[in-house]
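Numbers here simply count residues along the sequence, with the first being 1.
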Amino acid sequence: MSQPHLLSYEEQDQIINAIRQTEKLTSGEIKVHIEKKCPDKDPVARVQVIFEKLEMNQTRERNGVLLYLAYEDHIFYVYGDKGIYEKTPRDFWESTKEKMRLRFAREEFVEGFCEGIEEAGTQLAKYFPERNDNPNELSDDISFG
(Lines give C-alpha, C1' and ligand atoms only; values in the text may rest on other atoms or scores of the structure.)
Protein backbone atom coordinates (compact mmCIF):
# COMPACT_ATOMS: atom_id res chain seq x y z
CA MET A 1 0.00 0.00 0.00
CA SER A 2 1.62 3.25 -1.06
CA GLN A 3 1.55 6.23 1.25
CA PRO A 4 -0.17 9.15 -0.47
CA HIS A 5 0.09 12.60 1.02
CA LEU A 6 -3.64 12.71 1.70
CA LEU A 7 -4.14 9.78 4.12
CA SER A 8 -2.02 8.10 6.77
CA TYR A 9 -2.02 4.31 7.03
CA GLU A 10 -4.31 4.57 10.04
CA GLU A 11 -6.77 6.72 8.07
CA GLN A 12 -6.69 4.24 5.21
CA ASP A 13 -7.49 1.46 7.69
CA GLN A 14 -10.50 3.45 8.97
CA ILE A 15 -11.89 3.67 5.44
CA ILE A 16 -11.20 0.00 4.69
CA ASN A 17 -12.94 -0.99 7.93
CA ALA A 18 -15.95 1.15 6.97
CA ILE A 19 -16.12 -0.73 3.65
CA ARG A 20 -15.92 -4.11 5.39
CA GLN A 21 -18.62 -3.25 7.92
CA THR A 22 -20.92 -1.74 5.31
CA GLU A 23 -20.58 -4.65 2.90
CA LYS A 24 -22.03 -6.92 5.61
CA LEU A 25 -25.38 -5.15 5.03
CA THR A 26 -25.56 -5.55 1.27
CA SER A 27 -24.48 -7.74 -1.61
CA GLY A 28 -23.12 -4.55 -3.19
CA GLU A 29 -19.37 -3.98 -3.46
CA ILE A 30 -17.78 -0.64 -2.57
CA LYS A 31 -14.34 0.64 -3.59
CA VAL A 32 -12.48 3.90 -3.04
CA HIS A 33 -10.03 5.37 -5.53
CA ILE A 34 -7.93 8.45 -4.70
CA GLU A 35 -5.56 10.46 -6.85
CA LYS A 36 -4.10 13.96 -6.74
CA LYS A 37 -5.38 15.08 -10.13
CA CYS A 38 -7.87 13.79 -12.64
CA PRO A 39 -5.78 13.14 -15.75
CA ASP A 40 -8.85 13.22 -17.99
CA LYS A 41 -10.76 16.39 -18.88
CA ASP A 42 -13.95 14.42 -18.28
CA PRO A 43 -14.06 12.97 -14.74
CA VAL A 44 -16.86 10.58 -15.70
CA ALA A 45 -14.66 9.05 -18.40
CA ARG A 46 -11.84 8.71 -15.85
CA VAL A 47 -14.11 7.01 -13.33
CA GLN A 48 -15.34 4.58 -15.99
CA VAL A 49 -11.74 3.64 -16.85
CA ILE A 50 -10.88 3.05 -13.19
CA PHE A 51 -14.10 1.10 -12.66
CA GLU A 52 -13.17 -1.33 -15.44
CA LYS A 53 -9.49 -1.46 -14.47
CA LEU A 54 -10.51 -2.53 -10.96
CA GLU A 55 -12.85 -5.11 -12.55
CA MET A 56 -15.80 -3.65 -10.69
CA ASN A 57 -18.01 -4.52 -13.66
CA GLN A 58 -17.42 -8.22 -12.92
CA THR A 59 -19.62 -8.57 -9.82
CA ARG A 60 -22.41 -11.12 -9.99
CA GLU A 61 -25.24 -8.59 -9.63
CA ARG A 62 -23.39 -5.72 -11.35
CA ASN A 63 -23.77 -3.72 -8.13
CA GLY A 64 -20.31 -2.29 -7.56
CA VAL A 65 -19.90 1.32 -6.41
CA LEU A 66 -16.79 3.43 -6.87
CA LEU A 67 -16.18 6.48 -4.68
CA TYR A 68 -13.64 8.59 -6.56
CA LEU A 69 -11.64 11.60 -5.37
CA ALA A 70 -9.11 13.76 -7.24
CA TYR A 71 -8.24 15.95 -4.26
CA GLU A 72 -6.10 18.64 -5.85
CA ASP A 73 -8.74 19.17 -8.55
CA HIS A 74 -11.57 19.17 -5.98
CA ILE A 75 -13.42 16.50 -7.94
CA PHE A 76 -15.30 13.60 -6.45
CA TYR A 77 -17.73 11.23 -8.07
CA VAL A 78 -19.95 8.34 -7.03
CA TYR A 79 -20.28 5.77 -9.80
CA GLY A 80 -22.39 2.63 -9.74
CA ASP A 81 -22.59 -0.32 -12.10
CA LYS A 82 -25.51 -0.91 -14.42
CA GLY A 83 -27.29 -3.34 -12.07
CA ILE A 84 -27.79 -0.48 -9.63
CA TYR A 85 -29.20 1.92 -12.21
CA GLU A 86 -31.62 -0.73 -13.47
CA LYS A 87 -33.25 -0.99 -10.00
CA THR A 88 -32.92 2.43 -8.37
CA PRO A 89 -34.39 5.91 -8.79
CA ARG A 90 -32.50 8.57 -10.70
CA ASP A 91 -31.42 10.52 -7.63
CA PHE A 92 -30.17 7.38 -5.88
CA TRP A 93 -26.71 8.76 -5.00
CA GLU A 94 -27.77 12.24 -3.88
CA SER A 95 -27.73 11.51 -0.14
CA THR A 96 -24.33 9.82 -0.44
CA LYS A 97 -22.88 12.68 -2.48
CA GLU A 98 -24.26 15.30 -0.09
CA LYS A 99 -22.66 13.68 2.97
CA MET A 100 -19.34 13.44 1.15
CA ARG A 101 -19.54 16.97 -0.26
CA LEU A 102 -20.04 18.52 3.19
CA ARG A 103 -17.06 16.68 4.68
CA PHE A 104 -14.76 17.13 1.67
CA ALA A 105 -15.46 20.87 1.64
CA ARG A 106 -13.94 20.96 5.14
CA GLU A 107 -11.09 18.67 4.02
CA GLU A 108 -12.40 15.94 6.33
CA PHE A 109 -11.59 13.21 3.84
CA VAL A 110 -11.68 10.19 6.16
CA GLU A 111 -15.02 11.26 7.61
CA GLY A 112 -16.34 12.02 4.12
CA PHE A 113 -15.41 8.61 2.81
CA CYS A 114 -16.65 6.77 5.89
CA GLU A 115 -20.00 8.57 5.89
CA GLY A 116 -20.31 8.17 2.12
CA ILE A 117 -19.56 4.45 2.39
CA GLU A 118 -22.12 3.98 5.17
CA GLU A 119 -24.78 5.93 3.28
CA ALA A 120 -24.07 4.08 0.03
CA GLY A 121 -24.40 0.79 1.89
CA THR A 122 -27.66 1.84 3.53
CA GLN A 123 -29.07 2.81 0.14
CA LEU A 124 -27.75 -0.33 -1.58
CA ALA A 125 -29.20 -2.61 1.12
CA LYS A 126 -32.71 -1.51 0.09
CA TYR A 127 -32.24 -2.95 -3.41
CA PHE A 128 -29.37 -5.39 -2.87
CA PRO A 129 -29.76 -6.92 0.61
CA GLU A 130 -27.13 -9.21 2.03
CA ARG A 131 -27.27 -12.80 0.81
CA ASN A 132 -26.50 -16.07 2.56
CA ASP A 133 -23.76 -16.61 0.00
CA ASN A 134 -22.36 -13.07 0.14
CA PRO A 135 -18.73 -13.41 -0.92
CA ASN A 136 -16.45 -10.39 -0.93
CA GLU A 137 -16.10 -10.14 -4.70
CA LEU A 138 -13.64 -7.23 -4.70
CA SER A 139 -10.72 -6.25 -2.52
CA ASP A 140 -11.61 -3.67 0.11
CA ASP A 141 -8.27 -1.90 -0.26
CA ILE A 142 -8.14 1.69 -1.43
CA SER A 143 -6.66 2.15 -4.89
CA PHE A 144 -4.48 5.12 -5.76
CA GLY A 145 -3.79 6.80 -9.09
Is there a path of hydrophobic side-chain contacts, each under 4.5 Å between heavy atoms of I/L/V/M/F/W/Y residues, joining [Y] to [X]?
X	Y	value
Y68	L7	no
L69	L138	no
V78	I84	yes
V47	M100	no

Backbone of [Y] reached by a side-chain donor or acceptor of [X] within 3.5 Å:
X	Y	result
T26	G121	no
D73	C38	yes
K31	D141	yes
Q123	W93	no

Output, in order, the C-alpha distance, side-chain angles, deciding distance and verdict of side-chain contact (heavy atoms from CB on, under 4.5 Å) for V49 and D40. CA-CA 10 Å; V49 166; D40 199 317; 5.6 Å; no
Kindly state whether the ring of F104 and the ring of F113 have centres lying under 6.0 angstrom apart. yes
Do the non-hydrogen side-chain atoms of [X] and [Y] ever get within less than 4.5 Å of each other?
X	Y	value
L6	I34	yes
T96	V65	no
E107	Y71	no

What's the verdict on side-chain contact (heavy atoms from CB on, under 4.5 Å) for T22 and L124, showing C-alpha distance, side-chain angles and the deciding distance? CA-CA 10 Å; T22 299; L124 281 172; over 6 Å; no
Value rounded to 0.5 Å, distance of NE2 in H33 from CG in L67: 12.0 Å
What distance separates H74 NE2 from K37 NZ, expressed to the nearest 0.5 Å? 8.5 Å
Are any of the side-chain nitrogens in E35 or R46 under 4.0 Å away from the carboxylate oxygens of its partner? yes
Shortest non-hydrogen contact between [X] and [Y], atoms and distance:
X	Y	answer
E130	K24	OE1-O, 3.0 Å
I19	I30	CG2-O, 3.5 Å
E52	N57	CG-ND2, 3.7 Å
S8	E11	N-OE1, 2.8 Å
T59	N63	OG1-N, 3.1 Å
E137	Q58	OE1-O, 4.3 Å

Verify side-chain contact (heavy atoms from CB on, under 4.5 Å) between C114 and I15, making sure each step is shown before the conclusion. CA-CA 6 Å; C114 289; I15 294 169; 4.2 Å; yes
Within 6.0 Å of CZ in R106, more than 12 heavy atoms from elsewhere: yes
Are K87 and F92 close enough, and set up right, to give a side-chain contact (heavy atoms from CB on, under 4.5 Å), and what steps lead you there? CA-CA 10 Å; K87 291 186 172 185; F92 185 67; over 6 Å; no
Kindly write out the residues that satisfy salt bridge (charged side-chain N to carboxylate O under 4.0 Å, His left out) with D133, not counting sequence neighbours, or none if the list is empty. R60, R131
Listed partners of P129 passing side-chain contact (heavy atoms from CB on, under 4.5 Å), at least two apart: none
